[in-house]
Amino acid sequence: MSDLNSPSLVPPLGARSAPDIGPLAVMISTEPDVRYIKKNLGRPRSRSFFMGELFPIRAADTKAYPGQEKHKETPDTGKSPSMEINEKGTLKNKIKANAVDKQAAVFAGPYIGAPYAVMLLESLIARGAKQIIVIGWCGSISSDIQIGDILMPHAAIAHEGTSQNYMACTERCPEIPLPASPSNATGLTEKLTEYLDENHIPFKTGTIWTTDAIYRETAEKVSFFRARGALAVEMECSALFAVAAHRKVELVPLLVVSDELSKTQWKPAFKSKVFGAARKQVSNAVIDFCNRHCRTLS
């Protein structure tokens, strides 16, 4: 007997009430990216969020990240005003204590692993999020992608235990597609894809392998999941896809390749210039995308 339609005895917000955070949220999986984004937003005031933090940005207050070309507003596009940088090269961003603009984008993180990521996603959805962008890293298991490449997965092979609580599993390690947009959705994936194309930010699409056990990524498993079409490995996407489909929200990840397992030895590149530049490019692009589009994502 399936309990997929039964409510949880423990609600996502627990016994607390929480303000509506608005429709657009960004989940940031790593602490370095959280620090980088907060710095470029002018270190906005944050609040505790599980073992990480949550910080909102207001469309009216958010300015450009350093180095981003200014975008002029046209009367009929609905885009946000062009953005400016203060004299210190950081973003102007004013956040009132305990106040969240419903039209703002909200950033949350860091997190690691499917169970923790799902806890954050469920809480964001319960607080009003309907469109979620995920920023993270992944390891290449295919020669088709290299360190510093950007990947937008369109499917994830579930080699973790969380997703089975949100879907009927009829096979071991099922492939979970990027959730189709609900009928009332805004087309988040399409808009983000269009933004990346317009700004000449190259990215690749494909299937990813989601694992619970980073230290059991053996040569045999790499070969197995590569044969199933996976380009890379990470620890959350399949579960996030399952939750998004179950809750009928939009979700799209952007992952940067940080290391390689495609050969017989592990090749980490966390301190390489190409990886550092790529992850900053993704973070900057998501900041700008949220600033330009958060008013139209409702």
Might you confirm whether atom [atom1] of [X] has over 12 heavy atoms from other residues, nucleotides or ligands at distances under 6.0 Å?
X: K280; atom1: NZ; value: no
X: Q265; atom1: CD; value: no
X: I112; atom1: CD1; value: no

Evaluation steps, side-chain contact (heavy atoms from CB on, under 4.5 Å), between I208 and I157:
CA-CA 6 Å; I208 202 158; I157 302 172; over 6 Å; no

Trace of the side-chain contact (heavy atoms from CB on, under 4.5 Å) decision for I150 with Q281:
CA-CA 10 Å; I150 300 170; Q281 184 180 42; 3.7 Å; yes

Give a yes or no answer on whether the side chain of [X] reaches the backbone of [Y] with a donor-acceptor pair at less than 3.5 Å.
X: S8; Y: P11; answer: no
X: S140; Y: I145; answer: yes
X: Q164; Y: G161; answer: yes
X: D20; Y: G22; answer: yes
X: N291; Y: I287; answer: no
X: N165; Y: T162; answer: yes
X: S46; Y: L54; answer: no
X: R45; Y: P56; answer: no

Joint cluster assignment, [X] & [Y], ILVMFWY side-chain distance < 4.5 Å:
X: I214; Y: V134; result: no
X: L240; Y: L4; result: no
X: V118; Y: V10; result: no
X: F50; Y: M235; result: no

If I take atom [atom1] from residue [X] and atom [atom2] from residue [Y], how far apart are they, to the nearest 0.5 angstrom?
X: H154; Y: T207; atom1: NE2; atom2: OG1; answer: 4.5 Å
X: F289; Y: I201; atom1: CZ; atom2: CD1; answer: 11.5 Å
X: T193; Y: K191; atom1: OG1; atom2: NZ; answer: 12.5 Å
X: T30; Y: D33; atom1: OG1; atom2: CG; answer: 3.5 Å
X: R228; Y: E175; atom1: CZ; atom2: CD; answer: 6.5 Å
X: I125; Y: K130; atom1: CD1; atom2: NZ; answer: 12.0 Å

If I compare all heavy atoms of [X] with all of [Y], which pair ends up nearest, and what's the gap?
X: L255; Y: P153; value: CD1-CG, 3.8 Å
X: A245; Y: P179; value: N-CG, 3.9 Å
X: S283; Y: I37; value: CB-CG1, 3.7 Å
X: A117; Y: E236; value: CB-CG, 3.6 Å
X: V257; Y: F275; value: O-CD1, 3.4 Å
X: I141; Y: A232; value: CG1-N, 3.8 Å

For side-chain contact (heavy atoms from CB on, under 4.5 Å), just list the numbers for R35 and E31, CA-CA rounded to whole Å, side-chain angles, deciding distance to a tenth of an Å, and then say yes or no.
CA-CA 6 Å; R35 291 198 307 266; E31 176 63 27; 3.2 Å; yes

Full working for side-chain hydrogen bond (donor to acceptor under 3.5 Å, both in side chains) between T210 and E234
CA-CA 5 Å; T210 301; E234 53 77 68; 2.5 Å; yes

Can you find a pair of side-chain heavy atoms, one from [X] and one from [Y], that are under 4.5 Å apart?
X: E217; Y: W266; answer: no
X: V106; Y: V26; answer: no
X: M27; Y: I133; answer: no
X: P110; Y: S29; answer: no
X: L196; Y: M152; answer: yes

Is a side-chain donor-acceptor pair under 3.5 Å present for [Y] with [X]?
X: E250; Y: T189; answer: no
X: D259; Y: W137; answer: no
X: S123; Y: R127; answer: yes

Pairs meeting criterion ring-ring contact (aromatic ring centres under 6.0 Å, His included) with involvement of residues 211-255, two or more places apart
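Qualifying pairs: H159-F225, Y166-H246, W209-F225.
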
Under 6.0 Å from the six-membered ring centre of F55 and within 45° of its axis: does the NZ or CZ of K38 meet both?
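Yes.
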
Can you name the side chain to side chain donor-acceptor pair (under 3.5 Å) partners of E160, sequence neighbours left out?
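Side chain to side chain donor-acceptor pair (under 3.5 Å) check on E160 returns S163, S238.
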
Using a strict threshold of under 4.0 Å (side-chain N to carboxylate O), is an ion pair present between D149 and K204?
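Looking at D149 together with K204, the answer is yes, because their closest N to O distance falls below 4.0 Å.
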
Stepwise side-chain contact (heavy atoms from CB on, under 4.5 Å) check, Y116 with M51:
CA-CA 9 Å; Y116 187 18; M51 291 182 285; 3.3 Å; yes

